[in-house]
Amino acid sequence: MPKLLKKHRLAYLILFLFLAIFAYLFSRFWIDKMLQRYLALAIGLGYFFWGVLTHVKSSKITSEIIFEYLAMSMLAVLLLILITL
Amino acid sequence: MSRARKKSTARSYRPKKMTFKEGFYNLFSPGKKNYHRPQLLHPESLMLLSFVVLAVFALFNAVRFFPSLADKILGFATNIDVNQVLVATNDKRTSMGLSPLQINEKLNQAALAKAQHMFSEQYWAHSAPDGTQPWVFIKNAGYVYKYAGENLARDFDTTDEMVKAWMNSPTHKENIINPNFTEIGLAVVNGTLNGFSTTLVVQMFGAPGAVELKQTAEGRAINLPAPANNNIGELSAGNLQTDVVESELAGSDSLGLVEGEKSASGKILFSPIYLTKTFFLLIVVLIILTLVYDSFVSKNARYERIVGQNFAHIMLFLTVGFLLILFRGGTIIP
């Protein structure tokens, strides 16, 4: 794992910042459920594109990987949107 | 002989049935049968899991369409207590050096009438679809005000969370800590709003006096013209078809709180929000544990495979889990 982190240091830093900012905003606007739903959608899209771009950059991209990121993002978005309903 | 051979061939094409143990390993542990990736982490399994999440969520919420069942099993009423609302509101005021608000019977009736009106007309807003303003309920209750204000909330599980939400909203906070207000009326009412059992909380603030009015919910001082006719009978209990629950508040008399207010303290078996949160958290924990185990096994076995980055997936689901834990229900009108 540390080897992987070193190799993709910048990509993981971006992902960490993205998730941290998202978590802050999601908690900050806890009264506004509609905004929380948009934020959940944004995290899903952001994570999907981050995953695809990271793999494209390292030239290790397959349709399986794209579907994996899509499915992971979908599940995360679904959990966050459903809890706000 | 030939028949026996045919049978044997047919049997060999049949997929092998997995034992429970094999199925378990296949689901959570990387191996040959699942292409060195736990079956749970395959895209098609994750999609299936998403449908399971949707189905369970729908099941939890389907109970809401059966109010009697919901009250008995899930207890969709909340633990909001009018006494606690009053105490918490006054605590906020006294901490800022302001005088505590006194309960006013007429403002209580105005708050109850507003809650009942929202249920009967099926809306959730400061102003009714027919244009009825909050001040109409206050006037109809016979309260003559100099200043008046209104705070609304719904679906909160506890009084603390609700008051915290109000204090986080500048316009609602302004009502709570407004030095002009001296009296308050409260109503906590259960009913069905747009097909869902819910609990509405109404706070009516007032300062007795002349005609000038302040619409503090929007943070602006405005002067509303006095209504031409005050149809006091218009909002009588007989006209309303609200699912109002009898008062269960022990100390309600001492506060002069009106009938129809509701506190369900100690009666809730399962709160829907906590039930949903628990189920979702279980899903998140299951995925994180599978990802961690997969990373550990694949690293030790040195599998050559092209899959998504487990560490990134773990980061994503840790964030989701963290937000689920911190998530609080309830809504207020900005």
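Chain letters run A, B, ... following the sequence lines, proteins first, then strands; residues in each count from 1.
In this structure, the portion of B:Leu324 lying under 4.5 Å from any heavy atom of chain A is its side chain and not its backbone. Using a 4.5 Å cut-off between heavy atoms, A:Leu80 touches chain B through its side chain atoms alone. No part of B:Leu318 comes within reach of chain A, as not one of its non-hydrogen atoms sits under 4.5 angstrom from that chain. The contact between B:Phe327 and chain A is made entirely by side chain atoms (from C-beta outward), counting heavy-atom distances below 4.5 Å.
Every pair tested for salt bridge (charged side-chain N to carboxylate O under 4.0 Å, His left out) that includes a residue from residues 10-21 of chain A fails, sequence neighbours excluded, so the list is empty.
For chain A, the option among B:Leu54, B:Ile283, B:Ile287 with the highest count of heavy-atom pairs below 4.5 Å is B:Leu54. For chain A, the option among B:Leu316, B:Leu46, B:Val320, B:Val53 with the highest count of heavy-atom pairs below 4.5 Å is B:Leu316.
Here the CG-CE distance, from A:Leu70 to B:Met47, works out to 4.5 Å after rounding to the nearest 0.5 Å. Rounding to the nearest 0.5 angstrom, the gap separating the CZ atom in A:Arg28 from the CG atom in B:Asn168 is 7.0 Å.
Annotation: side chain of B:Phe57 is not in contact with side chain of A:Ile83 (no heavy-atom distance under 4.5 Å). With a 4.5 Å cut-off on side-chain heavy atoms, A:Leu82 and B:Thr276 do not count as touching. Looking at B:Leu41 and A:Met72, their side chains come closer than 4.5 Å, going by heavy atoms from C-beta outward. For the pair A:Tyr12 and B:Met315, the minimum side-chain heavy-atom distance is below 4.5 Å. A heavy-atom distance below 4.5 Å is not found between the side chains of B:Tyr35 and A:Glu64.
Contacts between residues 16-27 of chain A and chain B, counted as heavy-atom pairs separated by less than 4.5 Å, involve A:Phe16, A:Leu19, A:Phe22, A:Ala23, A:Phe26, A:Ser27. Residues of residues 41-54 of chain A that come within less than 4.5 angstrom of chain B, heavy atom to heavy atom, are A:Ile43, A:Tyr47, A:Trp50, A:Thr54 in numerical order.
Between B:Ser50 and A:Leu78, the shortest heavy-atom contact is O-CD2, 3.3 Å. What you find for A:Ala71 and B:Pro43 is that their closest heavy atoms are CB-O, 3.8 Å.
There is a side-chain donor-acceptor pair under 3.5 Å between A:Glu68 and B:His313.
Residues that satisfy the side chain to side chain contact (heavy atoms under 4.5 Å, CB included) test with B:Phe322, not counting sequence neighbours, are B:Leu326.
Around the NZ atom of A:Lys33, the shell of radius 6.0 Å holds more than 12 heavy atoms that belong to other residues, nucleotides or ligands. Sparse packing is recorded around CZ of A:Phe67, with 12 or fewer heavy atoms of other residues, nucleotides or ligands lying under 6.0 Å away.
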